[in-house]
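Since the structure comes first, as structure tokens, the remarks are kept for the end.
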Amino acid sequence: MSNIIEIKSKSTHTATVIFLHGLMETGKEWQIPIQSIISIGGLDHIKFVFPTAPTIPISINFGNKGTAWYNVISLNPGSQEDSIGLEKSMKQIEKIIEEEINNGIAAERIILSGFSQGGAISLFTGYQSKYKVAALISMSGFSPSLSLPSKIKPENKDIPCTMFHGTDDKVVNCKWGELSHKSYLKVGVKNSQFIPIQNLGHSSNEFELKQVHDLIEKYLPK
């Protein structure tokens with residue numbers, strides 16, 4: 001995948017976080033929030049990777065083109081799904097994981113994370129991938145496919161997964177995120193937790209980012 005931005009590790013590189021942006025965003029837009037996480041400390045051994053999604057026509061945007069991991073027909077659960085786009089993005093993200101593995105970073109030293117649609121595709125990829133990653137972290141994310149729970153690989157059901165969601169999110173309703181989480185539990189996912197962030201809209205804040213930092217530090221220790 002082209003158009004990838006990286007924040008290199010400050011010490012010997014032993015782990016990687018792949019962060020996927022939301023709809024109509026770019027990887028570059030998340031550099032500053034992630035830099036604030038890094039500044040807390042304890043993550044000097046980690047490289048952060050920010051790919052940018054391809055530019056495609058987006059149905060919810062009246063067909064106008066924008067960056068997206070897959071086409072969005074509606075923001076309502078159960079609406080028509082872009083299965084081709086989802087699979088294509090999953091393969092692109094797996095290529096990034098493969099590159100890290102080829103550079104000496106084991107899959108269990110990689111976290112998949114993202115915001116909104118990026119969080120959704122992180123879940124979609126992490127639970128189905130042949131590469132079992134260290135953890136999944138979703139911010140304002142959701143299950144992008146109602147069929148995802150039935151497709152989760154048995155060996156991936158114990159991947160630690162944390163889903164953060166603002167209770168005042170007017171773009172992706174907090175209930176959608178929570179229902180996604182519950183749908184994973186129903187098929188035997190063991191280590192998933194859903195954390196509502198009070199009074200937060202469709203964005204992130206210092207409180208949430210600090211929790212993301214702590215999870216990264218926990219699952220990718222030095």
Is it the case that the side chain of Asn173 and the backbone of Lys175 share a donor-acceptor pair, with hydrogens and angles ignored and the cut-off at 3.5 Å? yes
Answer yes or no: is there a donor N or O on one side and an acceptor on the other, between the side chain of Lys132 and the main chain of Glu155, under 3.5 Å? yes
With a 4.5 Å limit on heavy-atom distance, are the side chains of Thr162 and Gln211 in contact? no
Given side chains that start at C-beta, do those of Val72 and Gln117 come closer than 4.5 Å, heavy atoms only? yes
Tell me the closest heavy-atom pair linking Pro196 and Thr167, and the distance in Å. CB-CG2, 3.9 Å
Ser59 side chain vs Ile73 backbone, donor-acceptor pair below 3.5 Å: no
Hydrogens and angles aside, do Arg109 and Thr16 bring a side-chain donor and acceptor to less than 3.5 Å of each other? no
Tell me whether the centres of the aromatic rings in His202 and Phe115 are closer together than 6.0 Å. yes
Using side-chain hydrogen bond (donor to acceptor under 3.5 Å, both in side chains), reason through His45 and Ser11 one step at a time and then give a plain yes or no. CA-CA 5 Å; His45 59 295; Ser11 61; 5.4 Å; no
Using salt bridge (Lys or Arg N to Asp or Glu O under 4.0 Å), reason through Glu98 and Lys95 one step at a time and then give a plain yes or no. CA-CA 5 Å; Glu98 287 174 4; Lys95 284 183 179 179; over 6 Å; no
Between Val133 and Ile111, is the side chain to side chain contact (heavy atoms under 4.5 Å, CB included) condition met? List the steps. CA-CA 6 Å; Val133 297; Ile111 284 177; over 6 Å; no
Tell me whether Leu209 is reachable from Phe48 by hopping between hydrophobic residues (I, L, V, M, F, W, Y) whose side-chain heavy atoms are closer than 4.5 Å. yes
Do His13 and Lys8 come close enough that some side-chain heavy atom pair is under 4.5 Å? no
I'd like to know whether the aromatic ring centres of Phe19 and Trp30 sit less than 6.0 Å apart in this structure. yes
Considering non-hydrogen atoms only, spot the tightest contact between Glu29 and Met24 and give its length. OE2-O, 4.3 Å
In sequence, state the C-alpha distance, the side-chain angles, and the governing distance for Ile58 and Asn71, and then conclude on side chain to side chain contact (heavy atoms under 4.5 Å, CB included). CA-CA 5 Å; Ile58 303 170; Asn71 185 27; 4.1 Å; yes
Tell me whether Lys88 at atom NZ has more than 12 heavy atoms from other residues, nucleotides or ligands lying less than 6.0 Å away. no
Are Leu200 and Phe207 in one and the same hydrophobic cluster, where Ile, Leu, Val, Met, Phe, Trp and Tyr link if side-chain heavy atoms are under 4.5 Å apart? yes
Contact check, side chains of Thr52 and Lys28, non-hydrogen atoms, under 4.5 Å: no
For Gly119, is there any backbone N or O sitting under 3.5 Å from a side-chain donor or acceptor partner on Ser113? no
May I ask you to say whether Glu94 pairs ionically with Lys91, meaning some side-chain N is under 4.0 Å from a carboxylate O? no
Can you tell me if Ser36 uses its side chain to pair, donor with acceptor, with the backbone of Pro33 under 3.5 Å? yes
Atom pair CG/CD1 of Asp82 and Ile84 - distance to nearest 0.5 Å: 7.0 Å
Roughly how far, to the nearest 0.5 Å, is the CD1 atom of Ile46 from the CG atom of Leu220? 4.5 Å
Is the distance between the ring centroids of Tyr184 and Tyr127 under 6.0 Å? yes
Verdict with supporting geometry, Glu81 and Leu146, side chain to side chain contact (heavy atoms under 4.5 Å, CB included): CA-CA 9 Å; Glu81 299 169 359; Leu146 292 180; 3.9 Å; yes
Close side-chain approach of Ser140 to Val172, heavy-atom, < 4.5 Å: no
Please determine whether a side-chain nitrogen of the Lys or Arg among Glu6 and Lys47 lies less than 4.0 Å from a carboxylate oxygen of the Asp or Glu. yes
Worked verdict on Met163 versus Ser138 for side chain to side chain contact (heavy atoms under 4.5 Å, CB included): CA-CA 5 Å; Met163 298 178 66; Ser138 170; 4.1 Å; yes
Are Tyr219 and Leu123 linked, directly or through other ILVMFWY residues, by side chains that come within less than 4.5 angstrom of each other? no
Rounded to the nearest 0.5 Å, the CZ atom of Phe50 sits from the CD1 atom of Ile18 at a distance of 11.0 Å
Quick one: which of Ile93, Thr125, Ile96 gives a side-chain contact (heavy atoms from CB on, under 4.5 Å) with Leu20? Ile93
Any non-hydrogen side-chain atom of Ser116 less than 4.5 Å from a side-chain atom of Leu23? no
I want to know whether His21 and Trp69 have ring centres closer than 6.0 Å. yes
Do any N or O atoms from the side chain of Asn156 and from the backbone of Ser129 form a donor-acceptor pair under 3.5 angstrom? yes
Looking at Thr55 and Lys65, would you say the former's side chain and the latter's main chain have a donor-acceptor pair under 3.5 Å? no
Considering only NZ, NE, NH1 and NH2 on the basic side and carboxylate oxygens on the acidic side, decide whether Asp214 and Lys210 come within less than 4.0 Å. yes
Does a donor on one side chain sit under 3.5 Å from an acceptor on the other, for Thr12 and Thr14? no
Can you tell if the side chain of Leu215 reaches within under 4.5 Å of the side chain of Val212, non-hydrogen atoms only? no
Are side-chain heavy atoms of Phe124 and Glu87 found at a separation under 4.5 Å? yes
